[in-house]
Amino acid sequence: YQKMDFNHWINEFSDSQEGKEQFSYWKESLKNTSIVYEKTATKAEGKNVSLKVNVSTDVIKLSEITKFNVFSILLTAFHIWIAYHNKVKYTYCTTVLANRTKKEFKDVCGCLADLAPICLEMNNCTVVELIGKTSRKIKEAVTNQEYPFIQIAANMNGSNHLAFEETAKYFIAFQNYKTRHLKLDEVDLKEIPIMKNGYKTDLSISLVQENEVIRGILEYNDQLYSKEFIKEFIEKYNFILSTMSENPTITIPTILSMI
């Protein structure tokens, strides 16, 4: 039933004036990239990661100096790594949003979280300028987050969202993480276990600040990425953050040439 409700909600919102305005934003924001789906692998490796102590401290200090939050800085560094690794000018990734602006959705299963695509242009700007762009992109994503990611992908590929069957299953599982007991007036709810291990992204990183340390977990598709590759990624990610923190006025092309 939830999948039926989810599809009904997608169609209803997509056809509304607000939905059309939000999709126009996403279409313009993602005009220099494309969203391509392949069937995801079920096997994945997990690795606990921690930024080096001095890097964590420097990132937190950079946040205090620039007035941009730590998340914006971490996401900016990830985009710089993408630009370096893929040798591209426009970088793209998705970030999890779990702060619905529609208050009526705050206690409804299936609408608790979604992915928001973030696209940046690696031009000849400074680190602090790029962090500012990232921060603005995040705020814009939050403002336009009601338009479902799966529908963004479907519309940009000229297809009905139901064609993305495997992806739809992933989102139903993804959106039903355990939060708190759900209460709805005059509705008798029964909890049903959901298998969540079958659908994973190829590479995902989750970081959290705990006092003066930033740590988290990195999950990756071990059929695409080797342990050596992941180790190298962590080292370069630390280097990028360290360089950003030491010299916020350094240009992005300069950082890319140093990696």
Side-chain angles (χ1 to χ4, degrees), residues 29 32-33 46-99 115-143 201-220 225 227-259:
S29 179
N32 293 307
T33 189
K47 181 177 179 61
N48 292 319
V49 294
S50 294
L51 299 186
K52 295 176 181 178
V53 176
N54 61 310
V55 175
S56 292
T57 302
D58 290 344
V59 167
I60 295 171
K61 287 182 179 178
L62 179 62
S63 173
E64 295 172 349
I65 293 172
T66 62
K67 306 303 180 184
F68 294 121
N69 59 39
V70 170
F71 175 63
S72 295
I73 297 171
L74 296 175
L75 187 59
T76 299
F78 187 57
H79 275 270
I80 293 174
W81 176 83
I82 294 174
Y84 160 77
H85 180 261
N86 294 334
K87 303 295 187 294
V88 293
K89 180 180 180 181
Y90 293 96
T91 57
Y92 160 85
C93 75
T94 54
T95 184
V96 176
L97 292 179
N99 183 30
L115 296 180
I118 304 292
C119 185
L120 294 176
E121 179 182 1
M122 296 291 125
N123 52 22
N124 194 33
C125 62
T126 65
V127 163
V128 70
E129 288 171 339
L130 187 60
I131 297 173
K133 291 180 182 179
T134 304
S135 179
R136 289 192 294 274
K137 286 284 187 177
I138 293 171
K139 291 177 181 177
E140 291 172 1
V142 171
T143 301
T201 52
D202 288 330
L203 178 68
S204 65
I205 183 169
S206 177
L207 296 171
V208 62
Q209 179 183 341
E210 298 177 351
N211 298 320
E212 297 299 311
V213 178
I214 299 173
R215 59 166 58 94
I217 187 168
L218 173 69
E219 287 190 306
Y220 61 95
Y225 306 113
K227 292 182 179 179
E228 291 72 23
F229 174 87
I230 295 301
K231 180 180 179 181
E232 181 182 0
F233 160 72
I234 295 173
E235 290 176 352
K236 292 188 182 302
Y237 189 60
N238 270 282
F239 174 79
I240 293 170
L241 284 168
S242 177
T243 305
M244 290 170 59
S245 301
E246 290 174 2
N247 188 359
T249 60
I250 193 173
T251 63
I252 302 306
T254 302
I255 287 187
L256 292 172
S257 68
M258 297 168 60
I259 302 175

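Of all the heavy atoms in P248 and T126, the pair that sits closest is O-CB, 4.0 Å. Among all heavy-atom pairs drawn from S204 and L218, the shortest one is O-CD1, 3.3 Å. In terms of heavy-atom proximity, L241 sits nearest to A77 at CD2-CB, 3.4 Å. In this structure, P253 and C125 approach most closely via the heavy-atom pair CD-O, 4.5 Å.
Side chain of T94 to backbone of A116: no donor-acceptor contact under 3.5 angstrom is found. Without hydrogens or angle criteria, S135 side chain to I131 main chain gives no donor-acceptor distance under 3.5 Å. A donor-acceptor pair is defined here as one N or O able to donate and one able to accept, closer than 3.5 Å; no such pair exists between the side chain of N211 and the backbone of V213. Proximity of a side-chain donor or acceptor of Y237 to a complementary backbone N or O of L74 within less than 3.5 Å is detected. In this structure a side-chain-to-backbone donor-acceptor pair under 3.5 Å is missing from S242 to N238.
Within the 4.5 Å cutoff, the side chain of K137 has no heavy atoms near those of the L75 side chain. Between I82 and C93 the shortest side-chain heavy-atom distance falls below 4.5 Å. Side-chain contact between E212 and S56: absent, with no pair of heavy atoms (C-beta onward) separated by less than 4.5 Å. Between T95 and F71 the shortest side-chain heavy-atom distance falls below 4.5 Å. Using a 4.5 Å cut-off on side-chain heavy atoms (C-beta onward), V55 and S245 make no contact. A 4.5 Å side-chain heavy-atom check between M122 and Y84 finds every atom pair outside the cut-off. At least one side-chain heavy atom of M258 sits under 4.5 Å from a side-chain heavy atom of I250. With contacts defined as side-chain heavy-atom distances shorter than 4.5 Å, the pair I230/L203 qualifies.
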Report task. Would you sort out whether I255 and I259 count as a side chain to side chain contact (heavy atoms under 4.5 Å, CB included), showing the intermediate values? Result -> CA-CA 6 Å; I255 287 187; I259 302 175; 4.2 Å; yes

Query raised in the report: T91 and I80: side chain to side chain contact (heavy atoms under 4.5 Å, CB included), yes or no, with the steps?
Result: CA-CA 8 Å; T91 57; I80 293 174; over 6 Å; no

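More than 12 heavy atoms of other shown residues, nucleotides or ligands fall within 6.0 angstrom of atom NZ in K133. By the neighbour-count criterion of 12 heavy atoms within 6.0 Å, atom NZ of K67 is sparsely surrounded, having that number or fewer from other residues, nucleotides or ligands.
The closest side-chain donor-acceptor pair between S72 and N69 falls under 3.5 angstrom.
Summarising the geometry, atom NZ belonging to K87 is positioned 9.0 Å from atom CG belonging to L256; distances are rounded to the nearest 0.5 Å. Rounding to the nearest 0.5 Å gives a distance of 10.0 Å between CZ of F239 and NZ of K52. To the nearest 0.5 Å, atom CD1 of residue I214 and atom OG of residue S50 are 10.0 Å apart. Atom CD1 of I118 sits about 7.0 Å away from atom OG of S29, to the nearest 0.5 Å. To the nearest 0.5 Å, atom CD of residue E129 and atom OG1 of residue T249 are 9.5 Å apart. A distance of 6.5 Å separates CE in M244 from CD1 in I73, rounded to the nearest 0.5 Å.
Judged by the 6.0 Å distance and 45° axis criteria, K231 is not positioned over the aromatic ring of F233.
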